[in-house]
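Have a look at the structure below before the remarks.
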Number of protein chains: 2
Amino acid sequence: MLRISKLTDYGTMILVHLASAKDKHLLPASDVAESTHLALPTVQKLLKILTKNGLVESARGTDGGYRLARAPEQITAAEILDTLEGPVAITECSHDDGHCDLEPNCQVGNAWQKISLAIRAAMNDIRLCDLQNPPMEFPLRHTILSKSGHKPRLHKQALGK
Amino acid sequence: MLRISKLTDYGTMILVHLASAKDKHLLPASDVAESTHLALPTVQKLLKILTKNGLVESARGTDGGYRLARAPEQITAAEILDTLEGPVAITECSHDDGHCDLEPNCQVGNAWQKISLAIRAAMNDIRLCDLQNPPMEFPLRHTILSKSGHKPRLHKQALGK
DNA sequence: ATAATATAGGACTATATTAGTCCAATATAA
DNA sequence: TTATATTGGACTAATATAGTCCTATATTAT
């Protein structure tokens, strides 16, 4: 489905939340879980991944916690995807025996490389700061819809299957 | 992983092969399977999907088979992905109870919409004809490498995990 | 020192998705 | 009527994802 996984979505929510923290203040995982309404074990898991990949800094012990390692302007969507899903990848060659090398029709790999690069280029142009502070009309329309009894889903099926 | 699935890869191989067919000639599934070195049941399944989604035309009976419904110039990578994986999608909202609507931090959906649109824009610029006839240096280097005993993999890990 | 707090690392289960195969029905042409 | 070939859908197996939990380590305050 070329989908963005739930964990990536959660991880992005966490990053957006950390980005909104004041200054260099450290937020414990429990705090992040409460604010994002995500389950604590999941938040812990994601913060560990984000830390290991250098998007987030951590400190242990009392008053320990997490904060962004860099300013939101300096974190790209490409990095977030790389960290949470691994780099954009294409499937392994269907011919492990090396037959692929001799198969003139098997020129598809080249094509998917182009496609991967195109996606990557697009992701490099989007930064974490673009993910916070969404345009004003969006939350507004959102509120109106939810008051009318509809259940708008920002995430679900935004473009999808 | 934001990966392109094997079936999508196979499907693309099939489309590329159909694109190379002479004129309006119909190719039976068995023929396509042989040429692409893919398993027949898989090829049959994919051709059915491609036909149902209008990328391929079919005819039954003796001398029946499949062919592209349009010229390779008029089939985009976006269509191929839509057909084989469904549209680029983001995860469903984590709060099905509607809490998401009231949650100021839950502004991530908007962000992933932007990302999906960026990916889609990139995919609209790539056509099936771009996937055939790869640049000449590619197959050449390819052949040299395979002769030297290496096993270059066009597909595997082209960009990733 | 000791207790309390909080992250680090990794194992583990459950669930969902993907990949792959197969069968019965339908249409076409010789 | 027979042979060919697609259509539609069911089904299993393999893999990936989501989510939880446990133990170890580091830090701070008392």
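Order of the sequence lines fixes the chain letters, A, B, ..., with proteins taken first and strands second; residue numbering starts at 1 for each chain. These numbers come from a predicted model, not from an experiment.
Within a 6.0 Å sphere centred on CG of A:Asp63, other residues, nucleotides and ligands contribute 12 heavy atoms or fewer. No more than 12 heavy atoms of other residues, nucleotides or ligands lie within 6.0 Å of CD in B:Glu34, so this atom counts as exposed by the packing criterion.
Scanning all heavy atoms of the two residues, the minimum distance from B:Gly11 to B:Leu50 falls at O-CD1, 4.2 Å. Taking every heavy atom of both residues into account, B:Leu128 and B:Ala19 meet most closely at CD2-CB, 4.2 Å.
At a threshold of 4.5 Å between non-hydrogen side-chain atoms, the residues B:Thr42 and B:Tyr10 count as touching.
In this structure, A:Leu47 places its CG atom 13 Å from P of C:dG9, rounding to the nearest Å. Distance A:Leu7 CG to D:dT20 C1': 12 Å, rounded to the nearest Å. What separates CG of A:Leu46 from C1' of D:dT17 is a distance of 12 Å, to the nearest Å. Rounded to whole angstrom, the span from the CG atom of A:Leu40 across to the P atom of C:dA6 amounts to 11 Å. The interatomic distance linking B:Lys45 (NZ) with C:dT21 (C1') rounds to 9 Å, in whole Å. Between the CD atom of B:Gln44 and the C1' atom of D:dC11 there is a distance of 16 Å, rounded to whole Å. Atom CG in A:Leu84 sits about 18 Å away from atom P in D:dA16, given to the nearest Å. In this entry the distance linking OH of A:Tyr66 with C1' of C:dA6 reads 8 Å, nearest Å.
Contact check, A:Tyr10 against D:dG19: a side-chain N or O comes under 4.0 Å of OP1 or OP2. For C:dA6, the OP1/OP2 oxygens have no side-chain nitrogen or oxygen of A:Ser30 closer than 4.0 Å.
At a threshold of 4.0 angstrom between heavy atoms, the contacts of B:Pro28 are confined to the sugar-phosphate backbone, with no base atom among them.
Comment: B:Arg120 does not engage B:Asp125 in a salt bridge, judged by the lack of any side-chain N to carboxylate O separation of less than 4.0 angstrom. Ion pairing of A:Arg127 with A:Glu73 is absent here, as no side-chain N (NZ or NE/NH1/NH2) approaches a carboxylate O to less than 4.0 Å. B:Glu79 and B:Arg70 are joined by a salt bridge, as a carboxylate oxygen and a charged side-chain nitrogen come within less than 4.0 angstrom of each other.
Using modelled atom types, one finds a donor on one side chain and an acceptor on the other under 3.5 Å when comparing A:Ser35 with A:His17.
Residues from residues 48-58 of chain B lying near DNA chain D, meaning a heavy-atom separation below 4.0 Å, are B:Lys48, B:Thr51, B:Ser58 in numerical order.
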- Task: If a protein heavy atom is under 4.0 Å from the base, mark B; if only from the sugar-phosphate, S; if neither, -; do that for nucleotides 24-30 of chain C going 5' to 3'.
- Result: --BBB--
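Take the nearest nucleotide of DNA chain D for A:Thr42 and for B:Gly65: the residue whose nucleotide is more 5' is B:Gly65.
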